[in-house]
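Reading through the structure tokens given below for one structure.
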Number of protein chains: 2
Amino acid sequence: MRLLNRAGELLSSEGPSALSLRRLAADVNTSTTAVYSLFGGKPALLDALYDEGFRRFGQRLATVPETDDPVEDLIQIALTYRDSALEDRQFYVVMFSKVVPDFMPTTETYIAASGTFVPVVKTVQRAIDNGQFVGDEGPEVIGLALWSICHGLVGLELHGILPPGLEIAPVFERAVRATADGWRKR
Amino acid sequence: MRLLNRAGELLSSEGPSALSLRRLAADVNTSTTAVYSLFGGKPALLDALYDEGFRRFGQRLATVPETDDPVEDLIQIALTYRDSALEDRQFYVVMFSKVVPDFMPTTETYIAASGTFVPVVKTVQRAIDNGQFVGDEGPEVIGLALWSICHGLVGLELHGILPPGLEIAPVFERAVRATADGWRKR
DNA sequence: ATCGTATCGTAACATTGTTATAAAACGAAT
DNA sequence: ATTCGTTTTATAACAATGTTACGATACGAT
């Protein structure tokens with residue numbers, strides 16, 4: 001589908017505000033009506049992009065190898081999280097920020113998106129079985145905490161609301177490691 | 001200024017998409033031109049709301065009392081962070097989410113907003129001096145980590161991207177405490 | 001009382017998403 | 001091969017948005 005490809009390009013190169021139906025239709029030499037017959041409107045198009053964003057995201061996260069040190073695996077997943085977000089930042093804001101008012105993903109695509117979280121929970125479970133992490137909490141809670149520190153730091157970074165003159169990459173890694181340490185048995 | 005008050009009301013009750021200049025002007029019986037002479041356009045109006053949001057936010061955070069257990073103080077600040085965000089969620093999305101494309105706060109209001117972060121860093125410094133937290137990292141890094149876990153969890157909660165059937169309040173507190181534990185001397 | 005600035009109203013303009021209507025394309029069935 | 005039905009597309013219009021030009025009004029200081 002040329003429309004969807006071009007929409008992704010526009011989103012990546014010029015951001016969500018450049019993604020107007022007329023602009024998009026003109027770029028692929030068709031009319032705005034095509035978006036309505038093929039997708040069902042702009043929200044549905046955004047939904048497709050949302051889906052595409054999570055597909056890329058999950059694909060990247062899946063490249064992290066599984067070792068016998070699950071906590072270290074989690075660190076690597078977190079670093080990959082940030083790399084992915086920075087590389088596809090325009091998709092990231094569609095996925096995790098409110099770029100278009102009143103946009104809500106379909107429950108189907110939402111469920112597909114939630115799949116991105118599954119490997120994290122599984123790896124946490126391995127760390128619990130391992131004895132590295134405390135076990136009195138479900139793996140979802142620990143996974144959520146790690147997910148959130150990534151989400152929070154990346155969100156602040158993408159919005160430019162971080163203390164100036166800060167080397168972000170090492171701070172990110174340090175913060176993730178400390179967060180993981182907080183769930184270690186002691 | 002009636003315009004700003006009404007804008008805040010509209011924002012709080014119906015969200016950013018209901019905040020159109022014509023609607024706003026009609027609600028206070030004036031014309032859209034008023035926004036341009038008094039503020040300078042819609043981005044400038046958003047900037048004023050951004051400022052107002054951080055003012056409320058900082059005011060709430062300042063109510064947390066200072067005890068002789070700075071780490072516990074940080075936990076309470078974090079809980080207040082979440083309460084504030086949930087209470088003024090429409091302001092929160094203006095402050096930390098991209099509700100209007102291409103909106104960037106003025107450097108002045110941005111600096112004023114950064115002031116919200118100062119008490120956190122100070123409290124972290126107290127915990128370092130105290131010997132509760134490790135001291136090989138600057139207080140900004142630790143403060144940023146705590147800030148981010150709040151930001152990330154609240155962001156996911158406001159977007160409705162949290163595992164369903166999850167009691168969020170206790171999970172939030174548990175995650176914040178674990179994150180703080182990650183910086184404790186051991 | 002007058003002048004200058006600040007504020008406001010009316011109206012227009014460009015752009016956006018959306019939809020009605022009709023034309024065209026395409027595939028399947030007779 | 002023709003005909004029918006569905007899908008896709010093009011044109012045009014509509015409502016709503018932010019923005020600006022132009023002129024009128026209000027208001028404060030000199």
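Numbers restart at 1 for each chain; the letters A, B, ... are given by sequence-line order, proteins then strands. In this text, all values refer to a predicted model and were calculated from it rather than measured experimentally.
Between B:Leu38 atom CG and C:dG9 atom P there is a gap of 10 Å when expressed in whole angstrom units. Atom-to-atom, CZ of A:Phe39 to P of C:dT18 comes out at 14 Å; the value is rounded to the nearest Å. In this structure, A:Leu46 atom CG and C:dT18 atom C1' are separated by 15 Å, rounded to whole Å. If you measure from atom CG of B:Leu24 to atom P of C:dG9, you get 12 Å, rounded to the nearest angstrom. Going from atom CZ of B:Arg23 over to atom C1' of D:dA15 covers 16 Å, rounded to whole Å.
B:Thr33 contributes a side-chain N or O that forms a donor-acceptor pair with the base of C:dT10 under 3.5 Å.
B:Phe133 and B:Val118 fall into different hydrophobic clusters, defined by Ile, Leu, Val, Met, Phe, Trp and Tyr side-chain heavy atoms under 4.5 Å apart, directly or through other members.
Taking five base pairs at each end of the helix from C:dA1-D:dT30 to C:dT30-D:dA1 and finding the rotation axis that steps the C1' atoms of four pairs onto the next four gives two axes whose angle is 0°, to the nearest 10°.
For the OP1/OP2 pair of C:dG17 and a distance below 4.0 Å, the side-chain nitrogens and oxygens of A:Thr32 include no atom meeting the criterion. Side-chain nitrogen and oxygen atoms of A:Tyr36 include none within less than 4.0 Å of the OP1 or OP2 phosphate oxygen of C:dT19.
B:Asp73 places no side-chain N or O within 3.5 Å of a backbone atom of B:Glu66 that could act as its donor or acceptor partner. In this structure a side-chain-to-backbone donor-acceptor pair under 3.5 Å is missing from A:Thr106 to A:Glu108.
Considering only side-chain atoms of A:Lys42, the nucleotide from C:dT18, D:dT19, C:dT7 that sits closest is C:dT18. The side chain of B:Arg22 has C:dC13 as its nearest neighbour among D:dA13, C:dC13, D:dT8.
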side-chain contact (heavy atoms from CB on, under 4.5 Å), that's the test. Do A:Thr67 and A:Gln76 meet it? Break it down for me.
CA-CA 11 Å; A:Thr67 74; A:Gln76 295 305 318; over 6 Å; no
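Judged by closest nucleotide on DNA chain C, B:Ser31 is the one of A:Pro43 and B:Ser31 placed further toward the 5' end. Nearest-nucleotide mapping onto DNA chain D: of A:Asn29 and B:Ser20, the residue sitting toward the 5' end is A:Asn29.
For B:Arg55 and B:Asp51, the salt-bridge test fails: no basic side-chain N is under 4.0 Å from an acidic carboxylate O.
Note on A:Leu19: only backbone sugar-phosphate atoms sit closer than 4.0 angstrom, heavy atoms only; bases stay farther off.
No side-chain donor-acceptor contact under 3.5 Å links A:Glu9 and A:Asn5.
Counting heavy atoms from C-beta on, the side chains of A:Thr30 and A:Leu24 never come closer than 4.5 Å.
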